[in-house]
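Below, chains carry the letters A, B, ... as their sequence lines are ordered, and counting in each starts from 1. Keep in mind that what you see is a predicted model, and the values were worked out from it rather than measured.
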Amino acid sequence: MTTMTDPPQVEGFRIGQLINDTRYRSYTFQFIALVCLILGFSWLAYNASQNDQLQSNGFSYEFLYNPAGYDINQQPIPYTSQDTHLRATIIGAINTIIVAFLACVTATIFGVIAGVLRLSNNWIISKLMSVYVEMFRNIPVLIWIIIIFTVAANTFPPISEFRLPRDGSDPERGLLFGMFAATNQGVFVPRLVFADLGWIVAATFLASIAGVFGWKAHAKRKLYGEGKEVPVLGPSLAILLVPTIVVYFILGMPVSLENPEMGRFRFEGGFLLRPSLIALWFALSIYTGAFIAENVRAGILAISKGQSEAAAALGLRPGRIMSLVVLPQALRVIIPPLISQYLNITKNTSLAIAVGYMDLTGTLGGITLNQTGRALECILLLMLFYLTFSLAISAIMNVYNNSVKLKER
Amino acid sequence: DGHSGSTLATVQERGSLNCGVTTGVPGFAEPDSDGVWQGFDVAVCRAVAAGVLGDPTAVTFVPTTGKTRFTALASGEIDMLARNTTWTFSRDTDLKFDFVGVNYYDGQGFMVPADLGVSSATELDGATVCIQTGTTTELNLADFFRVNGMSYEPVPIETGAEAVQQYLAGACDVYTTDRSALAAQRAGFEDPDGSVILPEVVSKEPLGPLVRHGDSEWGDIVRWTLNALITAEELGVTKGNVEEMAAAPGDNPEINRLLGTEGELGAMIGLEADWAKNAIAAVGNYGEVFDTNIGESTAIGLARGLNAQYTDGGLIYSPPFR
Amino acid sequence: MSDTHAQSVAFVRKTEIPASPPPMAETGALKWVRENLFSGPFNTIMTLLGLLVIFYLLSGLIPWIVNGTWEGSNIQECRAILQGNGGGCFAVIADRWPQLLFGFQYPDYLRWRPTLAFLLLFAAVPPALFVMYLPRWTLIATAVYPFVAYWLIWGGTVLSPVLTAASLLAGYLVFQKVERRGFVLGLAAGIATAFVALTISGFITSAASGVLALELVESRAMGGFMLNMILGTVCVSLSIPLGILLALGRQSKLPIVKGFCVVFIEFVRGVPLITLLFVANVVLAYFLPPNANFDLIIRVIIMITMFSAAYIAEVIRGGLAALPKGQYEAADSLGLDYPQAMRLIILPQALKISIPGIVNVAVGLFKDTTLVSIISMFDLVGMIRGPILSSTQWVGVYWELWAAACVLFFIVCYGISQYSQWLERQLRTDHR
Amino acid sequence: MAMADTNPAQSQMKVSDEVAITITGMNKWYGQFHVLRDIDLTVQRGERIVICGPSGSGKSTLIRCINALEEHQQGSIVVDGVPLSSDLKNIDKIRSEVGMCFQHFNLFPHLTILENCTLAPIWVRKTPKKEAEETAMYFLEKVKIPDQANKYPGQLSGGQQQRVAIARSLCMKPRIMLFDEPTSALDPEMIKEVLDTMIQLAEEGMTMLCVTHEMGFARQVANRVIFMDAGQIVEQNAPEPFFTNPQNDRTKLFLSQILGH
Amino acid sequence: MAMADTNPAQSQMKVSDEVAITITGMNKWYGQFHVLRDIDLTVQRGERIVICGPSGSGKSTLIRCINALEEHQQGSIVVDGVPLSSDLKNIDKIRSEVGMCFQHFNLFPHLTILENCTLAPIWVRKTPKKEAEETAMYFLEKVKIPDQANKYPGQLSGGQQQRVAIARSLCMKPRIMLFDEPTSALDPEMIKEVLDTMIQLAEEGMTMLCVTHEMGFARQVANRVIFMDAGQIVEQNAPEPFFTNPQNDRTKLFLSQILGH
Ligand SMILES: Nc1ncnc2c1ncn2[C@@H]1O[C@H](COP(=O)(O)OP(=O)(O)OP(=O)(O)O)[C@@H](O)[C@H]1O
Ligand SMILES: Nc1ncnc2c1ncn2[C@@H]1O[C@H](COP(=O)(O)OP(=O)(O)OP(=O)(O)O)[C@@H](O)[C@H]1O
Ligand SMILES: [Mg+2]
Ligand SMILES: [Mg+2]
């Protein structure tokens with residue numbers, strides 16, 4: 001019943017095909033788009049070329065190798081004002097990463113606690129958590145940062161109360177446990193000082209941490225292999241602490257705490273958490289925590305009640321239901337938005353500039369830019385840093401997402 | 001090319017002068033409670049506007065921070081910058097600006113609470129220092145402490161207001177910025193005597209208005225407007241008597257040239273003959289500007305010091321109008 | 001009725017058992033309290049902790065609010081009135097309220113204009129948001145609003161907004177006429193018409209700048225919460241169409257268009273807003289025509305719009321992806337071309353799905369407008385950080401000012417997000 | 001190939017000699033996957049063809065190629081004398097000749113039933129709105145749901161929705177209708193409503209290609225049944241001989257499965 | 001009333017005299033709503049009970065109370081001699097005696113079929129993994145899907161998923177199985193697979209309580225059919241007399257509806 005017909009004739013090219021033919025049409029549109037793009041960019045470039053300020057200054061990153069000339073308070077790597085702008089920039093980048101990392105950790109903790117508690121059937125707690133979440137979600141983070149910075153400066157006890165009065169009497173306030181002092185110039189905490197053999201203690205401690213994981217794996221093997229349940233909590237604690245303590249004393253206490261000591265103006269020694277770091281860290285974590293709380297809540301709610309009921313019907317206890325059934329599933333829902341919250345934290349660290357925390361926007365985008373006047377170069381570099389950071393994190397997120405995707409038909 | 005060489009024309013066409021100032025330093029540039037800008041730097045802007053446009057209120061004040069001021073000027077957003085900006089070599093050359101003169105000789109100083117018991121900056125080893133960033137202060141500070149072999153904890157703060165707030169709260173022991181600003185801000189304290197300004201002056205800070213490189217005509221206008229104010233003080237021309245002196249030219253040729261009743265000075269810089277008269281009439285002479293905004297009779301209470309006329313042992317000196 | 005023994009005996013109910021109320025322990029406030037507050041030792045501890053927190057918060061807050069004073073014109077007077085009773089010095093808010101709202105440069109005798117514009121917002125926004133409940137003609141209010149608001153806030157001759165609106169309308173009408181011959185042609189004709197009309201009306205306005213003129217207020221004079229509102233509304237409304245275009249571009253099969261959109265979106269989403277504001281502040285001026293007088297507020301609007309457009313594009317892309325493929329195919333098989341299918345079938349549905357997401361972006365953006373304070377613009381935060389806190393009258397009054405800022409932002413943001421949740425509920429039951 | 005007129009309904013339906021669709025040597029790939037292999041098919045005007053075959057055999061793909069919803073890579077498809085090429089004008093012409101019904105109806109949920117039906121006539125055919133609405137009401141009456149005209153699709157049952165979908169296609173006055181498993185997403189009670197509508201359409205002489213496993217329908221209205229497997233046309237015949245005496249083994253196996261259950 | 005052994009399968013299934021479940025005077029409220037009223041029910045070991053009744057009559061609730069998934073407020077439930085109280089130990093004991101299958105399978109989507117089946121034996125019964133896997137494979141073979149053991153639930157059809165759910169319960173070696181409408185979410189072809197599995201289970205003498213409307217299944221395997229309405233047991237009887245000669249009016253009405261269609 002089928003009849004063969006000749007294939008349609010090959011036609012010559014007509015101008016009309018540029019618009020009407022699906023094969024050429026896309027080239028036409030792309031060509032137009034490209035032309036528009038090029039026109040747009042050349043317009044910008046033309047304007048820039050008309051600006052003699054820009055012309056005469058040129059575009060160069062030479063300035064990065066000149067001495068910076070300014071001091072930075074929080075120095076994760078050694079730095080003096082004679083070092084280059086490049087080194088100042090690197091310090092800024094490290095400081096950005098430090099505060100971003102700290103804030104991610106605490107924001108997760110706040111968020112998970114608030115998210116879980118918001119689902120609690122305790123009315124007061126769940127309402128309190130709702131208030132927390134709504135409060136922080138609906139007020140700009142910049143305001144929170146500034147408020148917390150102000151709180152730190154105005155409500156922590158002034159450092160003058162810790163100073164030794166010149167008449168030789170006791171200061172108004174002393175160190176807490178002889179180690180800690182929360183002052184309006186920052187929180188002073190002791191620092192670990194490693195003597196010669198100190199690294200052995202540290203290594204032992206790290207090994208113990210590995211040991212704890214080993215014990216967990218062992219417990220699981222035991223359960224899977226022989227059906228024996230091995231206690232985990234007690235032995236873990238023992239593994240964690242006992243060897244380290246023993247080694248510590250055997251080696252004659254090579255690790256010591258360096259407590260802050262009051263100097264002429266402030267505590268010397270020890271470790272200082274600066275108000276700017278505290279404000280930024282705390283504000284970002286509590287603000288982002290509110291968002292994470294919502295993600296966590298949504299993640300847990302997304303796991304249908306049927307799942308926990310089925311697990312309960314199999315005889316699993318609530319703790320196990322959580323760890324074996326609900327959490328593994330909820331995490332798949334929670335982690336992608338969680339990572340984008342981490343990205344937000346990283347980007348929001350740039351608000352450090354409001355409290356004078358010396359992150360990348362404070363060094364490269366702040367003082368370096370001011371001193372050198374190289375606005376274009378500095379801001380380009382600044383954006384490049386954040387962009388690389390963000391893209392790297394999203395790449396990791398994509399890999400993760402693909403690896404945990406539920407298998408479907 | 002773009003906008004150099006024609007700033008005057010642009011300003012005249014626009015009918016107003018875009019003048020970059022600080023975001024708020026009492027006495028130097030600060031909006032009053034009605035939102036009208038007042039201050040020592042502001043007066044320079046008004047004088048230029050009066051000279052160029054005949055109207056001291058034809059100024060659009062653009063508040064700038066340490067970071068934005070240079071780009072604002074370079075990009076043409078503002079026509080001149082009168083924002084206590086230190087005249088330095090690199091700013092003049094590398095950044096391609098022209099400083100047209102000095103309207104205030106300043107120096108960086110330190111302020112500490114009186115009860116800290118410090119009487120010299122050399123006793124500040126280990127102190128926490130609040131710095132208002134975006135100026136040369138960080139660099140001077142770093143140099144000072146390095147030279148004296150002392151350590152310190154810098155606390156960079158974006159705005160003067162916040163720096164003061166931190167200082168008053170005790171979050172830093174020392175507040176450093178130009179001594180003029182220190183004095184100005186201390187005047188606003190609840191207890192001004194609770195703080196002392198230390199005697200050390202750690203830097204030379206000649207502050208002055210600046211314009212873009214490349215438009216010398218415009219640079220001349222601003223330069224000579226400033227000089228007109230200075231000369232006016234030297235010659236005794238005041239806001240009060242300038243109209244009179246212009247209406248009835250006396251026999252001092254320099255005054256006559258200044259006020260445009262003699263010679264063609266105005267035309268040489270492309271302005272009306274009475275431009276300087278207008279400027280002086282608008283804001284008064286240099287001394288009056290100083291006294292009304294930051295002088296000893298104001299809350300700021302700065303003495304003339306270096307900023308007295310050279311005839312009184314200061315550094316304020318205008319080239320002759322001739 | 002225990003006669004249900006196994007298979008031998010059948011059971012048939014003859015009388016109904018009436019429903020009875022549950023035992024006492026199962027109802028009432030007591031049960032509620034027991035179940036919700038004290039259902040176990042852990043829960044009890046949590047309840048007590050919660051009460052403690054509440055007590056602590058209230059014991060700080062209540063005296064501060066109750067004992068606070070609204071009198072006094074500077075901090076000293078305020079302190080004298082309070083006499084250290086722990087109350088707040090709300091006088092600063094009373095004193096600086098207009099500045100908090102309008103900045104310090106907006107002429108005080110003209111403040112009625114932005115206020116009126118703000119009130120009109122309540123007439124203009126609902127038609128756009130409640131499209132499905134209000135008659136369509138109310139959308140006119142939304143369409144007219146931008147021009148009215150512009151005129152009210154910035155002033156100048158009434159001709160400029162009227163003629164601009166007329167030009168755009170003319171462009172739209174031409175577009176509608178020509179569209180029958182092809183969308184692209186229609187678009188080109190529409191844009192060309194609008195462009196020509198705008199140029200002409202530009203001449204007319206500058207020639208007759210006095211017609212029905214309100215006093216001109218410069219962009220620089222915008223400040224306070226008004227600036228946040230202006231930036232928020234303008235940027236969100238501009239970024240929605242831009243976001244739609246970007247989302248469509250990102251879905252497009254044309255590699256160049258798609259590539260550009262992807263790069264743009266990912267770039268903008270990868271950098272902090274503050275760096276874009278720096279660009280607006282210190283770099284962008286180099287790339288715009290000299291003397292074109294793009295003042296800071298316009299440059300900031302450009303950057304914030306680009307920023308939120310990228311985020312909105314992602315939200316809309318989600319909406320597009322959520323549409324079943326069948327909708328695209330049905331549109332194709334009916335013979336609708338791409339622009340028709342998008343306008344009539346795909347976008348109406350995709351946008352509806354995206355509304356909650358867009359509202360989230362809008363709230364986030366509105367909060368982010370406070371960042372302009374960092375580049376020395378005097379929005380609400382900038383006003384507080386700068387002129388108010390540095391003024392000699394009010395140095396040292398932070399809590400009251402920040403509290404006021406929090407309250408203002410909270411009201412607006414919470415209101416918007418509550419609305420969006422309500423909308424979500426409506427949409428879920430819509431048309432069922 | 002014998003054409004047995006076993007059904008009273010069939011006797012009324014005439015098949016003209018005019019050719020409606022000619023498919024020659026058509027091949028299609030999805031990436032590396034060869035979905036349609038050397039398809040040759042000629043459909044006369046007025047013919048009613050049922051296509052069946054196991055899942056994944058390419059039935060939907062074939063139907064969708066005719067409507068240019070999918071591109072084919074080799075061979076030619078000529079619909080009503082218009083060759084299907086990459087020329088947009090031809091595609092538009094063909095789409096306005098060919099109506100299509102999907103398994104999942106694909107009504108536009110944000111438009112009322114009436115708007116669903118008038119949308120394409122107004123925007124594609126540029127029919128005045130009034131006229132389009134009249135046509136729409138006419139076809140809605142034909143599928144027996146004129147009273148639902150102002151409801152939204154979400155408010156209708158599946159069977160009603162599928163009938164609206166048919167009416168929507170008819171409003172474009174197509175000369176050929178394609179159906180892709182129009183009843184498979186429906187509950188059993190609703191299947192009948194839709195099949196009745198389709199039978200009615202067939203009686204009016206519409207050229208129809210229908211992918212379906214409703215063998216009753218095939219028996220009642222089809223002129224020809226085509227069996228596809230693995231992207232090829234394996235067997236085609238008039239319904240009676242096809243069902244009672246399938247030739248190919250694959251066909252036999254398939255028929256035993258679907259008729260058996 | 002006589003037990004008519006109409007079915008060959010039934011004759012093999014023995015009912016012992018031992019009592020498996022005793023429910024006495026059980027009442028349950030949801031808030032103010034009285035959902036179960038004075039339920040009395042005794043189930044012998046080896047009995048197969050089908051529960052039916054209109055939607056909302058409390059069938060699911062009854063089943064779920066037996067497994068302590070819901071709390072009851074009055075009356076007692078004793079399962080295998082263990083009284084159901086709020087004592088966690090008793091609940092654990094009862095749950096390990098009683099298996100349960102849900103309407104929506106509730107397989108764990110993040111675990112493979114095999115892991116689904118071994119999870120509870122390993123963590124609750126502390127069976128070594130190897131042994132648990134052997135048991136699991138045994139039951140998976142029983143429900144005829146041993147070859148799917150390493151797939152994920154999402155990759156299986158509904159019928160297969162429900163059979164996995166049954167196997168998963170069986171792996172805990174329960175003495176009683178509860179089914180809550182195990183087939184109502186399934187496509188018709190798949191219902192049979194699942195029912196076959198359940199019949200096989202019944203033949204092996206498992207005590208079963210099954211909420212279902214599959215009357216064929218009830219006829220074939222049930223010893224007793226219970227009809228519930230408005231939270232009460234309205235009628236119970238052996239299947240034959242229950243279906244052929246219902247006594248209560250509500251039962252009659254209900255049966256006429258579901259058997260009619
Ligand atoms: N977009 C696509 N990309 C790749 N493969 C596809 C695509 N669409 C369909 N296929 C594959 O092409 C084959 C034929 O698909 P088609 O939908 O035509 O089958 P069908 O005969 O309609 O089956 P069913 O009865 O299940 O609808 C299938 O194997 C399918 O997996
Ligand atoms: N958690 C709950 N809270 C309040 N009421 C509930 C709850 N669960 C069920 N109900 C109500 O209890 C009644 C009985 O529910 P149940 O699920 O036991 O009915 P069912 O007989 O299983 O119905 P179906 O055949 O629809 O599954 C229904 O009216 C239902 O609305
Ligand atoms: Mg198909
Ligand atoms: Mg139920």
Side-chain angles (χ1 to χ4, degrees), chain C residues 128-133 135-136 175-187 253-254 316 319-320 322-355 423-432, chain D residues 60 63-64 66-71 88-113 115-126 150-156 161 164-165 168-174 176-180 185:
Chain C
L129 296 181
F130 299 77
V131 189
M132 46 282 188
Y133 306 102
R136 273 188 94 88
F175 162 72
Q176 237 186 1
K177 272 264 157 2
V178 183
E179 196 205 357
R180 308 219 137 198
R181 302 225 209 108
F183 179 81
V184 182
L185 205 64
L187 200 63
K253 292 197 190 73
L254 312 177
I316 292 177
L320 288 173
L323 273 197
K325 211 168 143 241
Q327 293 290 319
Y328 294 83
E329 291 179 346
D332 273 354
S333 74
L334 285 175
L336 298 177
D337 59 21
Y338 178 82
Q340 287 173 341
M342 286 299 148
R343 260 176 63 204
L344 301 170
I345 309 298
I346 306 302
L347 283 179
Q349 297 184 61
L351 286 182
K352 207 160 152 184
I353 304 175
S354 319
I355 284 181
L423 195 69
E424 251 179 291
R425 282 195 297 275
Q426 293 300 308
L427 291 177
R428 227 177 283 145
T429 53
D430 193 30
H431 303 329
R432 290 295 124 179
Chain D
S60 302
I63 290 265
R64 292 157 55 86
I66 297 176
N67 204 5
L69 283 181
E70 304 276 354
E71 254 178 285
L88 271 185
K89 276 198 193 131
N90 284 1
I91 294 183
D92 282 348
K93 217 180 282 173
I94 289 179
R95 283 193 180 151
S96 68
E97 294 289 314
V98 180
M100 174 133 187
C101 274
F102 301 85
Q103 180 181 8
H104 291 289
F105 337 138
N106 294 337
L107 294 181
F108 304 132
H110 62 301
L111 302 178
T112 63
I113 300 306
E115 285 164 353
N116 261 284
C117 292
T118 54
L119 184 86
I122 292 177
W123 287 92
V124 180
R125 288 236 192 275
K126 322 283 183 209
N150 289 315
K151 290 197 181 163
Y152 285 89
Q155 299 168 305
L156 266 53
Q161 290 194 37
V164 172
R168 181 175 71 178
S169 301
L170 293 179
C171 285
M172 288 292 283
K173 310 230 170 99
I176 302 168
M177 284 289 294
L178 309 176
F179 293 89
D180 190 1

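For chain C, the nearby part of D:Arg64 is the side chain; its heavy atoms alone come within less than 4.5 Å. Contact of D:Ile94 with chain C is not made at all, since no heavy-atom distance falls under 4.5 Å.
For the atom pair CG (C:Leu334) and CZ (D:Phe108), the distance works out to 5.0 Å, reported to the nearest 0.5 Å. One finds the CG atom of C:Leu336 at 5.5 Å from the CG atom of D:Leu119 (value rounded to the nearest 0.5 Å). One distance of note links NZ of C:Lys325 with CG of D:Asn106; it measures 10.5 Å at 0.5 Å rounding. One distance of note links CD of C:Gln327 with NE2 of D:His104; it measures 12.5 Å at 0.5 Å rounding.
For D:Lys126, the NZ atom sits in a packed shell: over 12 heavy atoms of surrounding residues, nucleotides or ligands are nearer than 6.0 Å.
Nearest heavy-atom pair across C:Ala330 and D:Phe102 is CA-CE1, 3.8 Å. Taking every heavy atom of both residues into account, D:Arg95 and C:Asp332 meet most closely at CD-O, 3.0 Å.
Between the side chain of D:His110 and the backbone N or O of C:Leu344, at least one donor-acceptor pair lies under 3.5 Å.
Annotation: side-chain hydrogen bond (donor to acceptor under 3.5 Å, both in side chains) contacts involving residues 335-346 of chain C, sequence neighbours excluded, comprise C:Glu179-C:Arg343.
Residues that satisfy the side chain to side chain donor-acceptor pair (under 3.5 Å) test with D:Asn67, not counting sequence neighbours, are absent from this structure.
Chosen from C:Pro348, C:Ser333, C:Ala331, C:Gly335, the residue pairing most often with chain D at heavy-atom distances under 4.5 Å is C:Ser333.
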